[in-house]
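Keep in mind that the numbers below use all heavy atoms, side chains included, and drop hydrogens, waters and symmetry copies. Keep in mind that this is a model prediction, so the values were computed, not measured. When a ligand or atom number is given, it counts from 1 through the structure's own listing order.
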Amino acid sequence: MKGLKHFILSWAAIILFIGLLFWFYYQTNLDSYERVDENESVSELHPAVQEAVGTLIDRAYDKDIEVVITDGLRTEEEQEALYARGREVEGNIVTHARSGESYHNYGLAVDYAIRNHDGEIIWDIHYDGNDNGEADWFEIAEIAKDLGFEWGGDFSHFKDYPHLQMTFGLSISELQQGYRPPNEEE
Ligand SMILES: [Zn+2]
């Protein structure tokens with residue numbers, strides 16, 4: 001009986017110690033990020049995202065695909081208006097994120113569509129305008145992932161095919177606390 005108690009206590013101590021190590025590592029890791037007042041809103045797309053979007057448009061254009069960016073930075077009001085769609089307002093649900101819960105609110109996400117050969121903006125993920133047997137939408141996603149974006153089409157819970165984001169290792173909850181990715185232009 002005494003042996004068992006000793007055994008349990010030893011393991012509890014070891015688990016506690018490992019937990020503390022993880023916590024310490026996590027805190028030190030967060031220290032490498034900038035931190036601003038959590039109420040400070042972001043006013044522009046992050047420069048790294050902006051640059052990657054430019055490269056994405058160029059590389060797609062080389063494949064005879066015209067990418068159109070339909071949405072970038074979203075203010076709190078715009079996010080709430082979008083959240084209302086399919087809920088208080090008529091339409092389909094387009095987001096599960098409320099204000100402050102989307103990477104769009106931190107200038108870290110964009111949405112794309114395609115301009116087809118007739119000059120129309122389309123959201124047809126099967127459209128193969130360059131006629132190479134691959135859907136243009138997925139070709140764009142592949143280029144974007146090469147450039148460091150996460151693609152909403154890979155999300156498991158809610159597929160968001162037009163969505164591209166760069167998290168820089170920051171979760172939404174960390175962004176809400178005011179942590180920001182490094183910004184070389186500042
Ligand atoms: Zn999006």
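- Under a 4.0 Å N-O distance rule, the pair Asp146/Arg59 does not qualify as a salt bridge.
- The backbone N or O of Thr95 sits nowhere less than 3.5 Å from a side-chain atom of Arg85 that would complete a donor-acceptor pair.
- No more than 12 heavy-atom neighbours from other residues, nucleotides or ligands sit within 6.0 angstrom of OH on Tyr61.
- Within the protein, the number of N, O or S atoms lying under 2.8 Å from the Zn ion (ligand 1) is 3.
- The closest donor-acceptor contact from the side chain of Glu80 to the backbone of Ser99 lies under 3.5 Å.
- Between Arg115 and Glu120 there is no salt bridge, since no side-chain N of the basic residue sits under 4.0 Å from a carboxylate O of the acidic one.
- Proximity of a side-chain donor or acceptor of Tyr103 to a complementary backbone N or O of Leu164 within less than 3.5 Å is not detected.
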